[in-house]
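First the proteins, then the strands, lettered A, B, ... as listed; each starts at 1. Just so it is clear, the structure is predicted and the values come from calculations on it, not from any experiment.
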Number of protein chains: 2
Amino acid sequence: MPAGSIDRRVARTRSRLQQALFRLTTENGYTAITVEDICREADVGRSTFYTHYPDKDCLRKATIDEHIKSLQAPGAERHSQRNAKGFSFSGPVFEHAHATREMHRALMGGKKREMPEEIRGWISRQVRNELANIQGDEGGGRLEIATRFIVGAFFEVMHWWLETDTKLSPAEIDQIFRQLAFNGVNAVFAEPTRIE
Amino acid sequence: MPAGSIDRRVARTRSRLQQALFRLTTENGYTAITVEDICREADVGRSTFYTHYPDKDCLRKATIDEHIKSLQAPGAERHSQRNAKGFSFSGPVFEHAHATREMHRALMGGKKREMPEEIRGWISRQVRNELANIQGDEGGGRLEIATRFIVGAFFEVMHWWLETDTKLSPAEIDQIFRQLAFNGVNAVFAEPTRIE
DNA sequence: TATGATATTGGACACTGTGTCCAGTATCAG
DNA sequence: CTGATACTGGACACAGTGTCCAATATCATA
């Protein structure tokens, strides 16, 4: 057996488990799911589960990591949008979330926000890079604070957009988000009040 | 027995359970705690727990509700700050969080954000009201989106501020937050790029 | 202080889910 | 075909939940 390749049976089992996880997460949210549920849905023996993943969280982490990696493969076109006004990350992510709406609705968690740390970290890195680009890196905690600010706002807006049956297109919600992020609520609403 | 009053024993038991919950949450985070842990820490029989609360979540909800209510009692001074620039909610909340830092660190959840829905809802109402005030209520989903945007940003900045051993005072972090919220990252960093 | 009402207690119970282990069986690659 | 590897179901010990009950401690008040 070639060292790098994977036994068909292994690939089949893991794929089944990961897809079962997605289906179930969509229905009841992540925390409510049990390992037994996943195995039943995947039609895989429970003892088999534990030969692949030590627990439920590891299955989720592995699943998400693979998913993110598959997104990064055609990495070129993300840079090509760099000089669009504002962030380059938000548009593609809104688009991607829209395309696989059910899966992301599941990822965000229904009422309860269960956004896994892998995704939050990935987005955070994007934001930090882009913010560092548009400023002169003045040191201080400003960059970190702004990053947190934007990431928190982004996930919350995304969550609302996925939960609500809104007519807003990915491009529209992205435009609103970027306007809020760059120009603040004063630019969106009336009577600007400068804060210094 | 007068209908409205509460038996000393009941008050004592509930108080013990609530304080035990806070102590334990500070240590390991909310989800890791078991009902048994709480009872051991509170020195209360486990069966007694269930005569007061149906489960762990209800204890948390009740505890938080009472805490919020006690904050709203001297409600006047919150309105008095209304005409400060920007939000009136953020400053007091930063101050309060700073005063009872440990407790809020616990509430936010260590790495894992476990912010209970009661608090999020309470803050959301504040933000929605204040945003509705500074704009002409132009209908559309704009108000809701902006509310989500601000609430998400606020919790994330608060989380960072509580987790990190930063020297920033409540007033300082509040000032930065409000500037980001009202004027956007462009106002904080260099080379403003208008987004329309 | 005596007393009836009510709260608390520990222990037992059934239940669900976890994670480990193993021997038997099915499937793989060469 | 065959040796290697993966899958399987079932058993196990364990931890935590939520319910119930009879015995005991504490309460409010007459």
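Note: NZ (B:Lys56) to C1' (D:dA15) measures 14 Å, nearest angstrom. Residue A:Tyr53 contributes atom OH, which lies 16 Å from atom P of C:dT20 at whole-angstrom precision. Protein atom CZ of A:Phe49 is 14 Å distant from nucleotide atom P of C:dG17, rounded to whole Å. When rounded to the nearest whole Å, the span between CG of B:Asp37 and C1' of D:dG16 equals 10 Å. The distance from atom CG of B:Leu59 to atom C1' of D:dG18 is 15 Å, rounded to the nearest whole Å. Taking atom CD1 on B:Ile33 and atom P on D:dG16, their separation rounds to 13 Å, with Å as the unit. Whole-Å rounding puts the B:Ile6 CD1 to C:dT6 C1' distance at 14 Å. When the C1' atom of D:dT17 is taken as reference, atom CZ of B:Arg40 falls 15 Å away, rounded to whole Å.
A distance of 11.5 Å separates CZ in A:Phe89 from CG in A:Asn129, rounded to the nearest 0.5 Å.
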Under-3.5 Å N/O pairs linking protein and nucleotides 7-9 of chain C:
residue : atom : partner : partner atom : Å
C:dA7   : O4'  : B:Arg9  : NE           : 3.3
C:dA7   : O4'  : B:Arg9  : NH1          : 3.1
C:dA7   : O4'  : B:Arg9  : NH2          : 3.4
C:dT8   : OP1  : B:Arg9  : O            : 2.9
C:dT8   : OP1  : B:Thr13 : OG1          : 2.3
C:dT8   : OP2  : B:His52 : NE2          : 2.7
C:dT9   : OP2  : B:Gly45 : N            : 2.9
C:dT9   : OP2  : B:Thr48 : OG1          : 2.8

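The salt bridge (Lys or Arg N to Asp or Glu O under 4.0 Å) pairs that include a residue from residues 149-161 of chain B are A:Arg120-B:Glu156, A:Arg148-B:Glu156, B:Arg113-B:Glu156, where partners are two or more places apart or lie in different chains.
Residues that satisfy the ring pair (Phe, Tyr, Trp, His ring centres under 6.0 Å) test with A:His96, not counting sequence neighbours, are A:His67, A:His104. Every residue was checked against the salt bridge (Lys or Arg N to Asp or Glu O under 4.0 Å) condition with B:Arg46, not counting sequence neighbours, and none meets it. Qualifying side chain to side chain contact (heavy atoms under 4.5 Å, CB included) partners for B:Arg125, counting only residues two or more places apart in sequence or in other chains: B:Trp122, B:Arg128.
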Kindly indicate, with the supporting measurements, whether the criterion salt bridge (charged side-chain N to carboxylate O under 4.0 Å, His left out) is fulfilled by B:Asp57 and B:Arg60.
CA-CA 5 Å; B:Asp57 288 326; B:Arg60 176 158 96 156; 5.2 Å; no
Decide salt bridge (charged side-chain N to carboxylate O under 4.0 Å, His left out) for A:Asp174 and A:Arg178; before the verdict, give the C-alpha distance in whole Å, the side-chain angles of both, and the deciding distance to 0.1 Å.
CA-CA 6 Å; A:Asp174 180 46; A:Arg178 284 182 5 253; 2.8 Å; yes
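Contact annotation: A:Arg8 side-chain N/O to C:dT27 OP1/OP2 distance is not under 4.0 Å. Distances shorter than 4.0 Å separate none of the side-chain N or O atoms of B:Tyr50 from OP1 or OP2 on D:dT19.
Axis deviation across the helix from C:dT1-D:dA30 to C:dG30-D:dC1 amounts to 40°, comparing end segments of five pairs, rounded to 10 degrees.
Relative ring orientation between B:Phe154 and B:Phe94 is described as perpendicular, the plane-to-plane angle rising above 60° on a 0-90° scale split at 30° and 60°.
Within the cation-pi definition used here (under 6.0 Å to the ring centroid, within 45° of the axis), B:Lys56 qualifies as a partner of B:Tyr30.
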